[in-house]
Structures are given as structure tokens and as C-alpha cells.
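The structure appears below as C-alpha cells.
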Amino acid sequence: MTKMKRAVGVLLALISSAALSQPAERQPYAVPPMDAPQLAAIGPDEIGMQTGEIVLPNVVTLTTSGITHAPRTIKYRVWYPSKHAPGSIRTSFKHALPKPDGSGLQFAIPSLAVENADIAGNQRHPLVIVSHGYNGWDSFMTWLTENLATKGYVVVAIDHMDRRATGGAELAVSFGNVLINRAADQRAVIEYFASRAADDRDHLGRVIDVNKIGIIGYSMGGFGALATAGMDYDPASSVFAQLPVEARAAIFDSQAKGAPVAAKIKAVVALAPFGGRPESRAWTSASLAKSTKPILVIGGSEDDIVDTRQGVSWIFEQMVVKPRHLLLFLNARHNVGGNPPPPEANDDFSTREYFAEPVWRAERINAINQHFITAFLDLHLKGDAEKAVFLNVPTRQSGDGVWPLSPMENVGGKKASAKESGYWPGFQRRWALGLEMRYSSADGAQ
């Protein structure tokens, strides 16, 4: 009997060990955790995904040996409301992230989307363009792109195909081409999808509303997005002085022709945008003050890449447009825009550092961003005025919010509504912490 019990115990241990060793199905990053604020929740729509590319002719391109004129290929990934056929399988995205030693880490990005799924209906939806940071890629921000698509947006993520470089002349060439191409790429993609929207025979185009376009950019994507939305670069900026004359001319020629695209954009989100810190300031105060687009700027208070205090905050403070909002994650650095670290990065710090923050959970940052970006786009692209209350929060510091309770009362995860005056709407009691919101709107300033 004792031997039998021992055998059963060993068998159960083996079964338990085998079960634990099986990888759990990973949740797509678009699905927020249970402690997310209210508007982070995914929407009601199933989503499909397609890929494609745009070829631009005769683009000025830097090389280590000089300047060439060559075709430039922009890849894109587009998510849209769809109807999944029975038995459809969600896709996933593969990516390899090069490491400083020349090796590469392969990892997978789980998805909510079914590739090439049928487009649902003929209703037109707002178009949102998403532009990644330096050396990012089109599925780098699926936490946002897929989350928005489930809420009735057609979302296009650009793959700018940045040239990877480790240093020296190659880095100068790579980053110089980013300066040349970021805003130009964004304009080209907007023009491309606007042309598709005008073609009734185009199944995807006929569900795009080109009168409701938003642009979202992270880091260098934010640098481009501000210019694409009509905030013209300063020709005297030291940022562009490093470039050859012909390359500078290409940037400002694209800018001069960009007014029709800028006019189409109705809302701008800039996450940790490059171009504000004193030694690399890409705009004048006057140029930023001319902005007429509602804008949401997001950053980490301790960003040591684009410098929140002298860079991101400076950009925001030069603007006079109402409404404008600046959301800060206190004690966060630059990684406020990408997907969380993949499990494959758990044993490699240099890769984990590419995605993660020292203090904040990436999933928490993304959930808070999903909440506020949804409120912002719903307000300005869908005309949902009720979402303004989520942006115009009652206290500048989230931790100063007050939610009175009766003795021994426990709210059990309830989220604050507009009626809980003094507390950030949409957040659970005690969960609105570590955030700051500055804003100026028709209803006042904070």
C-alpha cells in the first residue's frame, strides 16, 4: 500500500510538473489587465488585419559615401473592424530584435486579429495613423493599434524600415534618414489611404472616413507627427544643420507641400516626442504656437532620452491651442509607448531594457494610455463629448484625488464616475497614483 501511494505521488508530481512546463496561451497586448482604468477595455468589434507597402519614387537618401536618389518602400499593417468566419485562427507577429553583439532575439507578438478577415459592413470609421520610434516596427505598438481597432477605428501602423546601425558613420546616416523621412512617410501614408477611401470599389477604402483622421507618434514618430499635423520645423535648427544641403532641402520641400495633409488631421497624440530639448530643438516657439489641432502629449517625468523637463514639457508649454493635455508618468523614463517585454527577453537585460521601465509595469502604462487615448480620440474624432470628463481630471496630481468613504466601506474595484468629484474618473479608488495631468481646455486649466 505504501509503495502504491508513493507511486501515485510520483505520478501526480510528474503530471503537475508537465502541466506547469506547458506555456500558457499569451494574452494579446491589446487586452488590458483587470486593474486597468475604465476606457482601456477592448471594444465590441472583431478585427481583421492586412499588410501592404507603398513605394515612393526618387527619394533623397543618405549613404556612407554620399547622397543617392532611389525608390523608398514603406510597409504598413492595417487593422479594421471585421466579421470572423467560423473556425478562424488569430494571427501572431514574428520579429527579430538585433543585439549589440550582432546576434538577434526572435520573439512572437500575440494578436487579436485574423489575417485578411472580411471587412464588416460599409460604415465609415475614423482613420488613425501610428508611427513608431527609431528602430521600431509596425507591430511594436499592438497594445494600442489593436485596442483602438476593436473600438471602431481603422488603424494603420507604419513600418518606416529604419536602417539599424551600431555607431559611427552608419549611425549618423541611419538617424539622418529618419530626420528626412519620418514626416514625409506619414504624409505619404495618409495620402495613400485617402485615395483608397475615395474609391468605392476598394473594400477597405470604403470603410475609411477621411474627414476624421488622427495621428499618433512615439519618440521619432512623435517628432514626425507634430510636423505632419502642421507644426513646421525650424530651418535654422541644429537638428537639421548636420545634414547635407540637399537632404535639408528634401525635408523642407516635403513640409511646404504638406498643408493639404495637415488640414485632414483632426487630433494628434505624441508620446515622448523627440525634438524639444535645447540642444536638438526642431521647432520655434512661434511655430508650435500656431498649432490648431487638439493634442495629447504623453511622457515619463524622468525621460533621459528626449528630456521631459526641457524637451517634452517645453513643446507642450509653447502651444496655445485648446484643448491640449500633457499626461506624465512620474518616475518613468522613455519607454512609455511600446509593447511589454516579450517572455523571450526575460534572460537578457539589454533586450528587456529596450521595452521595460525601471519603476512602472509596462502593462500598467499601456492600460492607462489606452484609457486616455481612447477618451481623446472618441472626443475629437467621434464627437463623443461625454469623454471630456476623463481628460479634464479634477486634480493635477492623481494622488491628490479624494474619494470619500463611509466607515468600513469597501468599493470592491468600482471605478470612479464623474460624480465622484475630486477623483480621476475611470480609476479604481487608491489606483490613480503616480500620474500628473496638465491641460488647458474650453472648460478651464489644470
Side-chain angles (χ1 to χ4, degrees), residues 19 22-34 36 39-54 74-96 106-130 132 136-159 189 192-193 196-197 199-209 212 214 216 338-340 342-344 363 366-367 369-370 373-374 377-378 381-382:
Q22 296 301 314
E25 183 178 355
R26 289 168 55 194
Q27 186 81 282
Y29 299 134
V31 180
M34 68 177 298
L39 301 183
I42 60 171
D45 293 332
E46 295 177 327
I47 57 173
M49 184 279 301
Q50 298 176 6
T51 59
E53 61 183 38
I54 304 167
I74 305 168
K75 293 185 178 181
Y76 66 81
R77 194 179 296 273
V78 56
W79 291 266
Y80 51 87
S82 72
K83 186 64 176 176
H84 294 173
S88 295
I89 299 175
R90 292 174 177 172
T91 189
S92 64
F93 313 119
K94 307 294 184 184
H95 192 74
Q106 300 279 342
F107 58 91
I109 300 168
S111 173
L112 283 175
V114 171
E115 190 167 5
N116 296 319
D118 289 342
I119 297 162
N122 291 314
Q123 177 186 349
R124 291 190 181 266
H125 303 278
L127 174 67
V128 177
I129 306 298
V130 178
H132 61 72
W137 59 93
D138 54 11
S139 58
F140 180 69
M141 299 172 69
T142 57
W143 65 269
L144 179 62
T145 54
E146 295 196 347
N147 184 277
L148 290 176
T150 69
K151 298 170 179 175
Y153 292 91
V154 175
V155 185
V156 179
I158 306 171
D159 191 334
V189 170
Y192 169 77
F193 278 94
R196 291 187 64 172
D199 184 354
D200 290 337
R201 298 166 298 177
D202 188 314
H203 293 290
L204 178 62
R206 69 187 182 199
V207 300
I208 294 173
D209 188 344
K212 298 176 180 178
I216 299 173
N339 283 334
E344 294 87 344
E363 293 85 354
N366 291 348
N369 282 337
Q370 287 166 340
I373 293 173
T374 296
L377 296 181
D378 282 0
L381 297 185
K382 293 185 177 180

For Ala40 versus Asn147, what's the shortest heavy-atom pair and its separation?
O-ND2, 2.9 Å
Parallel, tilted or perpendicular: which describes the rings of Trp137 and His95, with under 30° parallel and over 60° perpendicular?
parallel
For Ile42 and Ala30, which heavy atoms make the closest approach, and how far apart are they?
CG2-O, 3.3 Å
Minimum side-chain heavy-atom gap Phe93-Thr142 below 4.5 Å:
yes
So for atom CG, which belongs to Asp118, do other residues, nucleotides or ligands contribute more than 12 heavy atoms lying within a distance under 6.0 Å?
no
Is there a side-chain contact between Ser92 and Arg26 in this structure, where contact means two heavy atoms from C-beta onward sitting under 4.5 Å apart?
no
Using atom types as modelled and distance alone, determine if a side-chain donor or acceptor of His125 lies under 3.5 Å from a backbone N or O of Gly152.
yes
Please round to the nearest 0.5 Å and tell me the distance separating atom CG of Asp378 and atom NZ of Lys151.
7.5 Å
Between Arg77 and Met49, is any pair of side-chain heavy atoms under 4.5 Å apart?
yes
Of all heavy-atom pairs between Gly48 and Ser82, which one has the smallest distance, and what is that distance?
N-OG, 3.1 Å
Glu344 side chain to Gln106 main-chain N or O, any donor-acceptor pair under 3.5 Å?
no
If we ignore hydrogens and angles and just use 3.5 Å, is the side chain of Asp200 paired with the main-chain N or O of Arg206 as donor and acceptor?
no
Would you say that Val154 contacts Phe193 through its side chain, given a criterion of any heavy-atom pair below 4.5 Å between the two side chains?
no
To check you understand the geometry: which heavy-atom pair defines the closest contact between Ile119 and Gln50, and what is its length?
CD1-NE2, 4.3 Å
Mind checking the CG-CZ spacing from Asn339 to Phe140? Nearest 0.5 Å is all I need.
7.0 Å
Polar side-chain atom of Arg124 near backbone of Gly205 as donor-acceptor pair, under 3.5 Å
yes
Does Thr91 offer a backbone N or O that forms a donor-acceptor pair with the side chain of Glu115 under 3.5 Å?
no
Nearest-0.5 Å distance that lies between atom CG in Asp138 and atom CD1 in Ile74
12.5 Å
Could you tell me if the side chain of Val155 sits less than 4.5 Å from the side chain of Ile47, heavy atoms only?
no
Distance in Å, Asp45 CG paired with Glu146 CD, rounded so as to fall on 0.5 Å steps:
13.0 Å
Atom pair CD1 (Ile216) and OG1 (Thr145), whose distance is rounded to the nearest 0.5 Å:
9.0 Å
Is the backbone N or O of Ala117 less than 3.5 Å from a side-chain atom of Tyr80, with the two atoms forming a donor-acceptor pair by type?
yes
Please tell me if the side chains of Leu381 and Val128 come closer than 4.5 Å, counting only heavy atoms from C-beta onward.
yes
Which heavy atom of Thr374 sits nearest to which heavy atom of Leu39, and what is that distance?
OG1-O, 3.6 Å
Is any side-chain heavy atom of Ile158 closer than 4.5 Å to one of His132?
no
Is it possible for you to check whether Lys382 lies under 6.0 Å from the centre of the six-membered ring of Tyr153, through NZ or CZ, and within 45° of that ring's axis?
yes
Kindly determine whether Leu148 and Val130 satisfy side-chain contact (heavy atoms from CB on, under 4.5 Å), including the steps that lead there.
CA-CA 11 Å; Leu148 290 176; Val130 178; 5.6 Å; no
Shortest non-hydrogen pair, Gly121 vs Val207, comes out as O-CG1, 3.6 Å
So, taking the atom named CD in Glu363 and the one named OH in Tyr29, what distance separates them when rounded to the nearest 0.5 Å?
8.0 Å
